[in-house]
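For reference, the structure discussed in these notes is given below.
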Amino acid sequence: QVQLVESGGGLVQPGGSLRLSCAASGRLFSTLHMGWYRQAPGNQREWVATIIAYGSTKYADSVKGRFTISRDNAKNTAYLQMNSLKPEDTAVYYCKAQQSTLGTTYDYWGQGSQVNVSS
């Protein structure tokens, strides 16, 4: 089983930056597809960014050019660098790991990290 522990959330002013971290247990981190999602009050969960096992990245249009997803396989950790933050970025951010084993796909979720962007 993969366990994900998030850290790095908090309060930041508009235009500021935060970096979220997602530390994963297990020995197969380098084979996991990692992603970040967010959910604001009253809204559905939305996809933010993905980094696949071999490093290719994808971003939602709403964060493209401002957010960067990365991973450090030696530390079993994925990151979301958030720059030029806007009030509409306020949400609970969730890390997700996707593992495929013998044709079966499993999703694992972090506990969530609150990000508040406010003056």
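Every value quoted in this text rests on a predicted model; they were computed, and no experiment measured them.
- Not a single donor-acceptor pair under 3.5 Å links the side chain of R38 to the backbone N or O of T90.
- Under the 3.5 Å distance criterion, the side-chain polar atoms of Q111 are matched with a main-chain donor or acceptor of E6.
- Here the closest heavy-atom approach between residue A24 and residue V2 is recorded as CB-CG1, 4.4 Å.
- Of the possible polar contacts, one joining the S113 side chain to the G9 backbone as a donor-acceptor pair under 3.5 Å is found.
- Counting heavy atoms from C-beta on, the side chains of S118 and L11 come closer than 4.5 Å.
- Nearest heavy-atom pair across G8 and L20 is C-CD2, 3.6 Å.
- A donor-acceptor pair under 3.5 Å links the side-chain atoms of H33 to the main chain of A53, judged by distance alone.
- Within the 3.5 Å criterion, the main-chain N or O of S84 finds a donor-acceptor partner in the side chain of R66.
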Original post:
Between T77 and S21, does a side chain to side chain donor-acceptor pair (under 3.5 Å) hold up when you go through it step by step?
Top reply: CA-CA 7 Å; T77 302; S21 298; over 6 Å; no
**OP:** Take K86 and D89, measure what salt bridge (Lys or Arg N to Asp or Glu O under 4.0 Å) needs, and give me the verdict at the end.
**Re:** CA-CA 5 Å; K86 305 174 181 180; D89 295 319; over 6 Å; no
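- Only one option out of T68, T50, V48 pairs with Y59 in a side chain to side chain contact (heavy atoms under 4.5 Å, CB included); it is T68.
- For the atom pair T57 OG1 and K64 NZ, the distance stands at 10.0 Å (nearest 0.5 Å).
- By the 4.5 Å heavy-atom criterion applied to side chains, W47 and V63 are not counted as neighbours.
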**OP:** Under the side-chain contact (heavy atoms from CB on, under 4.5 Å) rule, what do I69 and Y79 come out as? Steps first, then yes or no, please.
**Re:** CA-CA 6 Å; I69 187 171; Y79 305 93; over 6 Å; no
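- Using a 4.5 Å cut-off on side-chain heavy atoms (C-beta onward), Q81 and S17 make contact.
- Closest approach of G10 to L18, counting heavy atoms only: O-CD1, 3.9 Å.
- Hydrophobic clustering (side-chain heavy atoms under 4.5 Å, transitive across Ile, Leu, Val, Met, Phe, Trp, Tyr) keeps I52 apart from L80.
- Distance OG/S30 to CG/D72: 11.5 Å, rounded to 0.5 Å.
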**OP:** Test ring-ring contact (aromatic ring centres under 6.0 Å, His included) on Y37 and W109 and set out the steps.
**Re:** CA-CA 10 Å; Y37 295 73; W109 292 90; 5.1 Å; yes
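- Of all the heavy atoms in L4 and Y108, the pair that sits closest is CD1-O, 3.3 Å.
- For the residue pair L32 and Q99, the shortest heavy atom distance occurs at CD2-CB, 3.5 Å.
- Here the side chains of M82 and Y93 are in contact, with some heavy-atom distance below 4.5 Å.
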Subject >> Criterion side-chain contact (heavy atoms from CB on, under 4.5 Å) on F29 and M34, from CA distance to verdict >> reply: CA-CA 9 Å; F29 179 78; M34 303 296 297; 3.9 Å; yes
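- Minimum heavy-atom separation, Q114 to V92: OE1-CG2, 3.2 Å.
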